[in-house]
Amino acid sequence: MIPHRLLLLTAAALLAASAFARPAAAQAAGCPRFDRPALQIDTQVVPLKRDFDRTLAQLQAMPGRSGGPAGARAGQVLGLAHATFGERWQVGAHFSPQPGGVVCAALARLTVTFGFQERIVYIARELPPGTCIQREVLNHEMKHVSTDEALLREFMPGFKRRLEAVAARQGTIRARSETQAMTMLRQPIDAAVRELMQDFSRERDRRQAKVDTLEEYRRVSKSCNGELAKYVKGKGRL
C-alpha cells in the first residue's frame with residue numbers, strides 16, 4: 001500500500017482581493033479514493049469597546065472614517081463606529097506519492113473563521129458623560145453596531161454553503177509535487193473566500209448607508225433641546 005499523509009496550511013486575509021483560480025478536476029485517474037473533507041466554519045465577533053477620550057479633531061482625522069450622506073460633509077465628527085472584518089483559514093490535504101514522481105492529493109480539512117476582528121465605538125470627548133446629547137450620539141453609533149451584527153448573522157449560512165460547494169468540487173488531483181498540489185487545492189478556496197469578503201463588504205456599505213441618512217443626522221443634532229450647541233460650534237456629524 002502506498003502511504004499518504006496530511007499537511008496543514010494556514011492563510012489569513014483582511015479585506016483583500018484575489019484573482020480567481022481554475023478548480024481542480026473532480027477525480028484524477030490512478031489515484032486512491034480519499035475520505036470526504038471535514039469542514040468547520042466559525043463566526044468571530046470580538047467584544048465591543050467604547051472610547052470617550054478622543055477629541056473632535058482626533059475623530060475628524062481618523063483614517064477610514066465615513067464621509068456620511070451627501071449634504072452632511074460639513075461639520076465636526078461627534079462619534080464613529082469602527083469595525084474591522086476579515087478571515088482566517090486553514091486547509092489540510094491528503095497526499096499519496098505515486099510511481100514516476102507523481103503525487104495524488106485531496107482536500108482533507110477546511111477550517112474558516114470569518115467575522116469582526118476589532119470593534120470600537122468612539123464618542124467625542126467634548127460631549128460630557130451622562131448628558132442627553134452624548135446618549136443620542138452613542139445610540140446612533142450603536143445602530144451601526146447592530147447593523148453589522150445582523151448582517152453577519154444573515155451572511156454566515158450562505159458563507160458556509162458556498163465554501164461547502166467549493167470543497168465538494170475539489171476532488172482528487174495529480175501534481176508533480178506536494179507544493180504544486182497544495183497550490184492547486186488552495187486556489188479555488190482562496191478565490192471563493194475573497195469573493196465572499198467582497199460581497200460582504202458591498203452589502204455592509206449598503207446597509208450602513210441606510211443608518212447615516214440626512215434625516216438621522218438632523219434628528220440627532222436637534223435632539224436634547226439643542227444641547228449640542230453648548231459643546232460644539234457649528235454643525236455636528238456622526
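Values reported hereafter were calculated over all heavy atoms of this structure, with side chains retained and with hydrogens, waters and symmetry mates removed.
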Query - Joint cluster assignment, Val211 & Tyr217, ILVMFWY side-chain distance < 4.5 Å - result: no

Query raised in the report: Should Ile120 and Met62 be counted in the same cluster of Ile, Leu, Val, Met, Phe, Trp and Tyr side chains packed under 4.5 Å apart?
Result: yes

[X] [atom1] to [Y] [atom2] distance, which is reported to the nearest 0.5 Å:
X	Y	atom1	atom2	answer
Ser223	Arg218	OG	CZ	14.5 Å
Leu214	Arg219	CG	CZ	13.5 Å
Ile133	Leu228	CD1	CG	5.0 Å
Leu39	Leu110	CG	CG	4.5 Å
Leu59	Thr55	CG	OG1	6.5 Å
Thr131	Tyr231	OG1	OH	5.0 Å

Requested in this report: May I ask you to decide if the ring planes of Phe159 and Phe114 are parallel, tilted or perpendicular, using 30° and 60° as cut-offs?
Outcome: parallel

Side-chain donor-acceptor contact under 3.5 Å, [X] with [Y]:
X	Y	answer
Gln40	Asp42	yes
Ser96	Gln98	yes
Gln208	Asp148	yes

Any side-chain heavy-atom pair of [X] and [Y] under 4.5 Å:
X	Y	value
Val137	Val220	yes
His82	Glu141	no
Arg119	Val45	yes
Val77	Leu56	no
Pro37	Gln170	no
Phe52	Gln134	yes
Leu107	Ile189	yes
Arg109	Val91	no

Requested in this report: State which residues pass salt bridge (charged side-chain N to carboxylate O under 4.0 Å, His left out) with Glu118; sequence neighbours excluded, sorted by chain then number.
Outcome: none

Of all the heavy-atom pairs spanning [X] and [Y], show the shortest one and how long it is.
X	Y	answer
Ala106	Thr172	CB-OG1, 4.2 Å
Val112	Trp89	CG2-CB, 3.7 Å
Phe34	Cys104	CZ-O, 4.3 Å
Val166	Ala192	CG2-CB, 3.7 Å
Val121	Val145	CG2-CG2, 3.7 Å
Ala175	Met184	CB-SD, 4.1 Å

Requested in this report: Report the C-alpha distance between Glu126 and Lys230 in whole Å, list the side-chain angles of each, state the deciding distance to 0.1 Å, and finish with yes or no for salt bridge (charged side-chain N to carboxylate O under 4.0 Å, His left out).
Outcome: CA-CA 10 Å; Glu126 285 83 351; Lys230 294 170 57 177; over 6 Å; no

Requested in this report: Might you work through the side chain to side chain contact (heavy atoms under 4.5 Å, CB included) test for Arg202 and Arg207, ending with a clear yes or no?
Outcome: CA-CA 9 Å; Arg202 284 191 292 266; Arg207 294 194 186 193; over 6 Å; no

**Report entry** Where at least one partner belongs to residues 157-167, residue pairs that pass salt bridge (charged side-chain N to carboxylate O under 4.0 Å, His left out), sequence neighbours excluded
**Finding:** Arg162-Glu195, Arg162-Asp199

Query raised in the report: Do Asp212 and His140 pass the side-chain hydrogen bond (donor to acceptor under 3.5 Å, both in side chains) test, and can you show the C-alpha distance, the side-chain angles, and the key distance before you say yes or no?
Result: CA-CA 9 Å; Asp212 279 333; His140 171 85; 2.9 Å; yes

Query raised in the report: Between Ile41 and Thr113, does a side chain to side chain contact (heavy atoms under 4.5 Å, CB included) hold up when you go through it step by step?
Result: CA-CA 6 Å; Ile41 313 296; Thr113 300; over 6 Å; no

Tell me if a side-chain donor or acceptor on [X] pairs with a main-chain N or O of [Y] at a distance below 3.5 Å.
X	Y	answer
Asn139	Arg135	yes
Thr213	Lys210	no
Glu87	Val193	no
Ser201	Met197	no
Asn225	Glu227	no
Gln180	Arg176	yes

Query - Arg36 CZ: over 12 foreign heavy atoms closer than 6.0 Å - result: no

Query raised in the report: Would you say Asp205 has more than 12 foreign heavy atoms packed within less than 6.0 Å of its CG?
Result: yes

Report task. Output, in order, the C-alpha distance, side-chain angles, deciding distance and verdict of side chain to side chain contact (heavy atoms under 4.5 Å, CB included) for Leu163 and Leu196. Result -> CA-CA 9 Å; Leu163 289 181; Leu196 285 162; 4.0 Å; yes

Report task. Would you check, one step at a time, whether the test side chain to side chain contact (heavy atoms under 4.5 Å, CB included) holds for Arg50 with Tyr122? Result -> CA-CA 6 Å; Arg50 299 183 182 184; Tyr122 297 96; over 6 Å; no

Query raised in the report: Is the shortest side-chain N to carboxylate O distance from Glu203 to Arg206 below 4.0 Å?
Result: yes

